Amino acid sequence: VDEFYRDYQVLNDIVEDVHVQTLAWRRLLVLEKKFALHNALNAGLEDDTETGEHRDFYQSHKVDTNVGMATGMPAKHLLGYMKKLIEKQKDDIVAQEERIPLTLMEFVDLHDINLNAISVTCLNNRTECKVHDGKCPQGAQSLKELILETDNYTGGRYFA
């Protein structure tokens with residue numbers, strides 16, 4: 001507390017010093033003159049009331065920047081990626097079923113996934129694949145989640 005009072009007294013002494021006050025007053029006058037000169041030279045550039053182009057913060061448009069990375073891949077590319085993944089990395093361990101590790105091929109077989117039966121519309125990133133509508137194979141959503149999610153057994157290895 002004593003240190004605070006000492007520092008406070010030093011600041012008070014600086015503020016009350018006549019030379020500091022004179023310097024501050026002169027500096028303020030110089031800045032006012034510079035601003036007046038700026039206004040005189042640039043009045044036409046800054047006066048937007050005549051042009052009608054004035055836009056304030058409340059008239060600006062909102063831009064949605066919350067874009068998910070999973071929506072960046074078109075469904076056609078996703079389907080091709082799934083086919084290549086199953087073809088080339090079928091022995092990767094991707095899940096666990098009753099404490100038994102499953103390879104990618106076993107995962108595909110377990111969920112009865114037939115990549116030839118999966119359509120682009122079924123994998124469309126904006127719609128959820130419905131199991132009971134007869135249009136999408138049952139395991140298509142599971143495979144999509146395996147590839148596009150990061151909170152699964154693979155830790156998002158295929159998503160990256």
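Model, not experiment: these values are computed from the prediction. The chain is numbered in sequence order, starting from 1.
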(request) Give a yes or no on whether the backbone of V94 and the side-chain of D92 come within a donor-acceptor separation of less than 3.5 Å. (result)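 No, because the side chain of D92 does not come within donor-acceptor range (under 3.5 Å) of the backbone of V94.
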(request) Share the residues that join Y153 in a hydrophobic cluster, the rule being Ile, Leu, Val, Met, Phe, Trp or Tyr side chains under 4.5 Å apart at the heavy-atom level. (result)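 Members alongside Y153: I93.
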(message) Looking at every non-hydrogen atom in both residues, tell me the closest pair between E16 and Q21 and how far apart they are.
(response)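 Of all heavy-atom pairs spanning E16 and Q21, the closest is CA-NE2, 3.8 Å.
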What distance separates [X] [atom1] from [Y] [atom2], expressed to the nearest 0.5 Å?
{"X": "D17", "Y": "T22", "atom1": "CG", "atom2": "OG1", "result": "8.5 Å"}
{"X": "L104", "Y": "E106", "atom1": "CG", "atom2": "CD", "result": "10.0 Å"}
{"X": "L28", "Y": "L23", "atom1": "CG", "atom2": "CG", "result": "11.0 Å"}

(request) Please check if the distance between the ring centroids of H77 and Y81 is under 6.0 Å. (result)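 For H77 and Y81, the ring centres are not under 6.0 Å apart.
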(request) Could you list the residues that satisfy side chain to side chain donor-acceptor pair (under 3.5 Å) with N12, not counting sequence neighbours? (result)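 Result, side chain to side chain donor-acceptor pair (under 3.5 Å) vs N12: none returned.
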(request) Could you tell me whether the side chain of V108 reaches within less than 4.5 Å of the side chain of K90, counting heavy atoms only? (result)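 Not touching, per the 4.5 Å side-chain cut-off.
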(message) When you compare the side chain of L102 with that of Q96, does any pair of heavy atoms fall below 4.5 Å?
(response)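 Counting from C-beta outward, Q96 and L102 never come under 4.5 Å.
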(message) Using the rule given for side-chain hydrogen bond (donor to acceptor under 3.5 Å, both in side chains), can you reason through Q9 versus D13, listing the C-alpha separation, both sets of side-chain angles and the distance that settles it, and then say yes or no?
(response) CA-CA 6 Å; Q9 187 59 45; D13 292 343; 3.0 Å; yes
(request) Please answer: with hydrophobic residues joined when any side-chain heavy atoms are less than 4.5 Å apart, are F107 and M105 in the same cluster? (result)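 They do share one cluster, since a chain of ILVMFWY contacts under 4.5 Å joins F107 to M105.
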